[in-house]
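Below, each value reflects all heavy atoms present in this structure, side chains not excepted, and no hydrogens, waters or symmetry copies. Order of the sequence lines sets the chain letters (A, B, ...), proteins ahead of strands, with each chain counted from 1.
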Protein chains: 2
Amino acid sequence: MGTLADHIEAYIKHLLQRSESRSVELSRAQLADAFSCVPSQINYVLATRFTLERGYIVESRRGGGGYIRIAHVQVEDDLTHAANLLKSIGSQLSERRMENILARLQDLGMITPRHCRLIRGIVQQETGAIGQGKDLLRASLVRALLFYIIESECREW
Amino acid sequence: MGTLADHIEAYIKHLLQRSESRSVELSRAQLADAFSCVPSQINYVLATRFTLERGYIVESRRGGGGYIRIAHVQVEDDLTHAANLLKSIGSQLSERRMENILARLQDLGMITPRHCRLIRGIVQQETGAIGQGKDLLRASLVRALLFYIIESECREW
DNA sequence: CAGATGAAGGTCAGTAATAGTCAAAGAAAG
DNA sequence: CTTTCTTTGACTATTACTGACCTTCATCTG
């Protein structure tokens, strides 16, 4: 049981499990056809179920020979807490809250003091270059960098 | 890699790799014939895949004995070059320019395909959450992530 | 020489094949 | 009844490919 979106989600996850490479490439139009729905329904499923937060990376290309590729990047159990912290960042992030989050992640052993220094430096550099919306940009930057750090550290390059 | 343009691109890159001089000379008409397409398709491939931003120089001559020569730009110092690429980002960055920069850095061996996918995913996730100013945010995010990646890799050696 | 000829490559606009966006309508949940 | 999630479709954006027409250059011919 469940909605059409649920079925499409399940189908894509099934494809991912069967795939050795943890990634699958599909055609939006074909998939929509297989489920007898409009193509944009596929975008809805991707946007709501296959987000970075949930551990998926979606790439696509338009035009002739276009495709949608979905990859699963597995997040380990011990990273769940860190992932929740990232989620809590929201759309804006003050410097104070950033410091709190960095401190907690450091406590958890997820990042090193060096990571913190790098993040502070980069964020300062980037937010210094704009007049308005510093908290918005800081939220995006910190989330991006932390996600990257956490994601890449539990995996071989 | 599915389209004809992709195949032609791969073929030319293959030729370049086999060549000691890092450059290759070809005949547009012959190449088009080999791939059973119109000659202007070759121009399309050159214009979209072998740009200066991606590190290629294309020279050609018309008339009898005409040719197309494609050279792969070599740089003495990859790090300096990468730094210049980052500097070239500026305050705004379109998706297309991002792709070119990622392709170039990958080509230089500074980042891996996995890095690219992560960056694309993170950027997509973050820029998808806002309505306006995507190019501004993308510039900051890409600069931040690339800076972080390159910085932490250099310290490792 | 000068002009003609033929053999390259170049340009551009149009067509086709994809995927993305957004807002509104509909359905389900609280 | 209100809020949130799902579904739809009209409109938009991007990429690939083609073909008619244009430009350049080497060589031939008188």
- Message: Would you say that more than 12 heavy atoms from the other residues, nucleotides or ligands in this model lie under 6.0 Å from the OH of A/Tyr11, or not?
- Response: no

- Output the single nucleotide from C/dG20, C/dG10, D/dA16 whose closest atom is nearest the side chain of A/Arg61. D/dA16

- Message: For A/Tyr56 and A/His72, take the angle between the two ring planes, folded into 0 to 90°, and tell me which bin it lands in: parallel under 30, tilted 30 to 60, perpendicular over 60.
- Response: tilted

- Task: Examine B/Val73 and B/Ile111 and state if one hydrophobic cluster contains both, with Ile, Leu, Val, Met, Phe, Trp and Tyr joined whenever side-chain heavy atoms are less than 4.5 Å apart.
- Result: no

- Report yes if at least one side-chain N or O of A/Ser27 is closer than 4.0 Å to OP1 or OP2 of C/dT18; otherwise report no. no

- So which nucleotide from C/dG9, D/dT6, D/dA16 ends up closest to the side chain of B/Arg28? C/dG9

- Message: Which nucleotide wins on minimum distance to the side chain of B/Gln41, given the candidates C/dG20, C/dG9, D/dC17?
- Response: D/dC17

- Task: Consider the side chain of B/Tyr44, meaning its heavy atoms from C-beta on, and name the nucleotide among D/dT8, C/dG10, D/dC17 that approaches it most closely.
- Result: D/dC17

- Value in whole Å for how far the C1' atom of D/dT18 lies from CD1 of B/Ile8: 13 Å

Anything under 3.5 Å between a donor and an acceptor, one on a side chain of residues 28-45 of chain A, the other on a protein residue two or more places apart or in another chain? List them.
unit_1  : atom_1 : unit_2  : atom_2 : d
A/Arg28 : NH1    : A/Asn43 : OD1    : 2.6

- Message: Categorize B/Thr48 for me: base, sugar-phosphate, or nothing, with a 4.0 angstrom heavy-atom threshold over every strand shown.
- Response: nothing

- A/Gly64 near the nucleic acid: base, sugar-phosphate alone, or nothing, with a heavy-atom cut-off under 4.0 Å? base

What does the list of N/O pairs under 3.5 Å between the protein and nucleotides 20-23 of chain D look like, with a distance for each?
unit_1 : atom_1 : unit_2  : atom_2 : d
D/dT23 : O4'    : B/Arg62 : NH1    : 2.9
D/dT23 : O2     : B/Arg62 : NH1    : 2.8

- Euclidean distance, atom CD of residue A/Glu59 to atom P of D/dT14 [Å, nearest integer]: 18 Å

- Note on the structure: Rounded to whole Å, CG of B/Leu46 lies from C1' of D/dT15 at a distance of 16 Å

- Item | Spacing between B/His7 atom NE2 and D/dA16 atom P, to the nearest angstrom | 13 Å

- Under 4.0 angstrom between B/Ser60 side-chain N/O and C/dG10 OP1 or OP2: yes

- Parallel, tilted or perpendicular: ring planes of B/Tyr148 versus A/His115, cut at 30 and 60 degrees: tilted

- Note on the structure: Regarding the side chain of B/Leu4, the nearest nucleotide among D/dC17, D/dT8, D/dA16 is D/dC17

- Task: Send over the distance from A/Asp6 CG to C/dA28 C1', rounded to a whole Å.
- Result: 12 Å

- Rounded to whole Å, CD1 of A/Ile70 lies from P of C/dA19 at a distance of 12 Å

- Got more than 12 heavy atoms from elsewhere within 6.0 Å of CD, B/Glu25? yes

- Item | Lys/Arg N to Asp/Glu carboxylate O, A/Lys134 vs A/Glu95, below 4.0 Å | no

- Note on the structure: From OH of B/Tyr67 across to P of D/dT24 the rounded distance in Å is 15 Å

- Which nucleotide sits closest to the side chain of A/Arg49: C/dG9, D/dT6, D/dA16? D/dT6

- Is B/Ser152 reaching over with its side chain to a backbone N or O of B/Ile149, donor-acceptor style, under 3.5 angstrom? yes

- Message: Donor-acceptor check, side chain of B/Arg97 to backbone of B/Ile89, threshold 3.5 angstrom: yes or no?
- Response: yes

- Task: Please work out which residues in residues 30-39 of chain B have a non-hydrogen atom less than 4.0 Å from an atom of DNA chain D and list them by number.
- Result: B/Cys37, B/Val38

- Rounded interatomic separation in angstrom, taking CG from B/Asn43 and P from D/dT15: 19 Å

- Message: What's B/Ile42 touching, base or sugar-phosphate or nothing? Going by heavy atoms closer than 4.0 Å.
- Response: nothing

- Query: Is any NZ, NE, NH1 or NH2 atom of the basic residue among B/Arg143 and A/Glu126 found under 4.0 Å from an Asp or Glu carboxylate oxygen of the other?
  - Reply: yes

